[in-house]
*Asks:* 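I am attaching a structure below and will ask some questions about it afterwards.
Computed from heavy atoms alone, side chains included, the values below leave out hydrogens, waters and symmetry copies.
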Amino acid sequence: MTNSMLIFDYDGVLLDSVREIAVTAYNMLKGTIVTRLDQLPQNALELFLRNRFHVQPIGDAPVLMNYCLEIGEVEPDKLISPDEYDEIIKKVDEPVAARTTRFFETRNLFKTKKLKAWTALNAPVQPLWQIMIEKPTENLVLLTNKNREATISLSKHFGLIISDDNIYSGDHGTTKIDNMTRIMQRFKKPAYAFIDDSVKNLREIDEHFNRKEKTISLIFATWGYTGPDDARIAQDFGYQVVTIDEFAEELKAM
């Protein structure tokens, strides 16, 4: 990682936004603007939080929430298997890009109407956030499925300054592969490292960019929205698996 340009995922790695995502997904499904966790059916909420790690493009979050609302009272402790999750997603006719756009529109409505409540559902991941505030870098680059406006707003609110040009976001259904291509075309570095809490995301990047030669080192963040087997799966794929304390030490040393 020392000689590579380090690129960060955002949600799960630097910011804990799972509760805001749950509320926004619920609002999108119900056409409401509830602002507190206690306004959601609690079994469905807990089920969503437990299975959030499956969600890759954020347009799939409302699909998961809908499933949790359907089975929350019957199977409140269910851990959805990868195959079951794939089947749930496959049954949805609306394209993921359209769902993503609607999710971001709902988030923006929530944020506009109740900014304080929206912000309160998010929290920086410590100690990483504080380390990055204390050691600011011009080349902090984010590769995220979050929308740009929310990323800028939350980073500023919690005191982390990021150049707008360095936020490669999920607006308009843009994928991480598309954005990674843009990053590589812009910076033209010989090597990159990317940290994410989704094995699926890492695997997609790996298969697309490292086919001929290893250009991007993949790092799995164990503290994010992770499933029970994800660390082992990441290790089996040959990715570096780090705890938050290990990664914090590496960041301090950079």
Side-chain angles (χ1 to χ4, degrees), residues 7-37 40 48 52 55-65 94-125 128-129 132-133 136-183 185-187 194-198 201 224-225:
I7 300 161
F8 291 84
D9 176 43
Y10 194 66
D11 283 346
V13 173
L14 294 177
L15 190 86
D16 183 1
S17 60
V18 67
R19 288 157 188 82
E20 182 270 328
I21 289 169
V23 173
T24 297
Y26 181 83
N27 283 332
M28 176 179 147
L29 292 170
K30 298 295 184 181
T32 56
I33 295 295
V34 305
T35 60
R36 303 190 317 272
L37 294 172
L40 273 64
F48 181 90
R52 160 66 179 90
V55 176
Q56 200 174 354
I58 201 63
D60 287 348
V63 181
L64 175 61
M65 176 57 79
E94 185 183 17
V96 65
R99 297 197 303 269
T100 299
T101 298
R102 290 205 298 126
F103 181 89
F104 290 155
E105 286 170 352
T106 306
R107 170 180 277 160
N108 193 48
L109 197 60
F110 179 10
K111 179 176 174 290
T112 303
K113 287 193 170 185
K114 299 282 184 180
L115 179 60
K116 197 171 177 183
W118 177 78
T119 306
L121 289 169
N122 297 274
V125 173
L128 303 186
W129 194 271
M132 294 171 82
I133 287 175
T137 169
E138 286 178 26
N139 287 331
L140 172 55
V141 174
L142 301 180
L143 175 58
T144 177
N145 284 330
K146 204 177 194 75
N147 55 313
R148 168 182 294 273
E149 198 277 333
T151 305
I152 293 169
S153 176
L154 288 166
S155 299
K156 197 175 288 184
H157 176 81
F158 291 114
L160 184 63
I161 306 304
I162 306 169
S163 165
D164 290 2
D165 292 342
N166 287 0
I167 298 171
Y168 291 81
S169 64
D171 295 83
H172 315 297
T174 307
T175 68
K176 289 196 171 183
I177 287 174
D178 294 335
N179 275 329
M180 182 64 84
T181 301
R182 293 188 181 107
I183 290 169
Q185 287 170 345
R186 174 184 166 195
F187 289 97
F194 175 50
I195 183 162
D196 200 320
D197 60 334
S198 165
N201 284 337
Y225 312 133

*Asks:* Measuring only between side-chain heavy atoms, which start at C-beta, is N122 closer than 4.5 Å to R19?
*Replies:*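 No, their side chains stay 4.5 Å or more apart.
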
*Asks:* If you apply the rule side chain to side chain contact (heavy atoms under 4.5 Å, CB included), what do you find for V23 with W118, and how did you get there?
*Replies:* CA-CA 9 Å; V23 173; W118 177 78; over 6 Å; no

*Asks:* Who pairs with T151 by side-chain contact (heavy atoms from CB on, under 4.5 Å), at least two apart in sequence or on another chain?
*Replies:*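 side-chain contact (heavy atoms from CB on, under 4.5 Å) check on T151 returns Y10, L142, T144, K146, S155, I167.
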
*Asks:* Does A98 have any side-chain contact (heavy atoms from CB on, under 4.5 Å) partners at least two apart in sequence or in another chain, and if so, which?
*Replies:*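 For A98, the residues satisfying side-chain contact (heavy atoms from CB on, under 4.5 Å) (neighbours in sequence not counted) are E94, P95.
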
*Asks:* Taking salt bridge (charged side-chain N to carboxylate O under 4.0 Å, His left out) as the test, write out the residues that go with R52, two or more places apart.
*Replies:*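 So R52 forms no salt bridge (charged side-chain N to carboxylate O under 4.0 Å, His left out) with any residue.
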
*Asks:* Any side-chain heavy atom of V141 within less than 4.5 Å of one from F187?
*Replies:*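 SC-SC contact between V141 and F187 confirmed.
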
*Asks:* Please assess N179 against K176 for the test side chain to side chain contact (heavy atoms under 4.5 Å, CB included), listing each intermediate value before the final yes or no.
*Replies:* CA-CA 5 Å; N179 275 329; K176 289 196 171 183; 5.6 Å; no

*Asks:* Is any side-chain heavy atom of I21 less than 4.5 Å from a side-chain heavy atom of F103?
*Replies:*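 Yes; the side chains approach each other to less than 4.5 Å.
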
*Asks:* Sequence neighbours left out, what passes side-chain hydrogen bond (donor to acceptor under 3.5 Å, both in side chains) with T32? Give chain and number order.
*Replies:* N27

*Asks:* Once you round to the nearest 0.5 Å, how far does OG1 of T24 lie from CG of L121?
*Replies:*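 So the gap between those two atoms works out to 8.0 Å.
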
*Asks:* Is there side-chain contact between N145 and N201, with heavy atoms separated by less than 4.5 Å?
*Replies:*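 Answer yes - side chains close enough.
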
*Asks:* Report yes if some heavy atom in the side chain of L140 is under 4.5 Å from a heavy atom in the side chain of L160; otherwise report no.
*Replies:* yes

*Asks:* Would you please name every residue forming a salt bridge (charged side-chain N to carboxylate O under 4.0 Å, His left out) with D60, sequence neighbours left out?
*Replies:* R99

*Asks:* Any side-chain heavy atom of L143 within less than 4.5 Å of one from F8?
*Replies:* no

*Asks:* Where is the tightest heavy-atom contact between F194 and D9, given as atom of each residue plus distance?
*Replies:*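 Looks like CE1-N, 3.6 Å.
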
*Asks:* Inspect the contact between R148 and D164 and indicate whether a charged nitrogen and a carboxylate oxygen are less than 4.0 angstrom apart.
*Replies:*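 Result for this pair is no, no salt bridge flagged.
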
*Asks:* Could you state the interatomic distance from CZ (R182) to OG1 (T174), rounded to the nearest 0.5 Å?
*Replies:* 5.5 Å

*Asks:* CG/D196 to CG/D11 distance, rounded to the nearest 0.5 angstrom?
*Replies:*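 Result: 10.0 Å between the selected atoms.
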
*Asks:* Tell me, do Y225 and V18 make a side-chain contact under 4.5 Å, heavy atoms counted?
*Replies:*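 Yes. Closest side-chain heavy atoms under 4.5 Å.
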
*Asks:* Of all heavy-atom pairs between G159 and I133, which one has the smallest distance, and what is that distance?
*Replies:*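 Answer, listing the atom of G159 first, then I133: O-CG1, 3.5 Å.
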
*Asks:* Can you sort out the partners of T101 under side-chain contact (heavy atoms from CB on, under 4.5 Å), two or more places apart, ordered by chain and number?
*Replies:*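 Testing T101 for side-chain contact (heavy atoms from CB on, under 4.5 Å), a comparison that skips the adjacent residues, returns E105.
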
*Asks:* Which residues pass the salt bridge (charged side-chain N to carboxylate O under 4.0 Å, His left out) test with R36, sequence neighbours left out?
*Replies:*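 With sequence neighbours excluded, R36 shows a salt bridge (charged side-chain N to carboxylate O under 4.0 Å, His left out) to D38, given in chain and number order.
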
*Asks:* Please collect all salt bridge (Lys or Arg N to Asp or Glu O under 4.0 Å) contacts where either partner lies in residues 108-121, sequence neighbours excluded, each pair once.
*Replies:*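 Qualifying pairs, neighbours excluded: K111-E149.
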
*Asks:* Does any N or O in the side chain of W129 come within less than 3.5 Å of the main-chain N or O of F158, such that one atom is a donor and the other an acceptor?
*Replies:* yes

*Asks:* Can you list the residues that meet the side-chain contact (heavy atoms from CB on, under 4.5 Å) rule with R186, with sequence neighbours excluded?
*Replies:*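 R186: side-chain contact (heavy atoms from CB on, under 4.5 Å) contacts with D165, N166, Y168.
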
*Asks:* For D171, check salt bridge (charged side-chain N to carboxylate O under 4.0 Å, His left out) against everything at least two apart and list the hits.
*Replies:*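 Expected list: none.
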
*Asks:* Just to verify, what does T175 make a side-chain hydrogen bond (donor to acceptor under 3.5 Å, both in side chains) with, not counting sequence neighbours?
*Replies:* D178

*Asks:* What I'd like to find out is whether the side chain of F110 reaches to under 4.5 Å of the side chain of V34, using heavy atoms alone.
*Replies:*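 No - every pair of side-chain heavy atoms lies 4.5 Å or more apart.
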
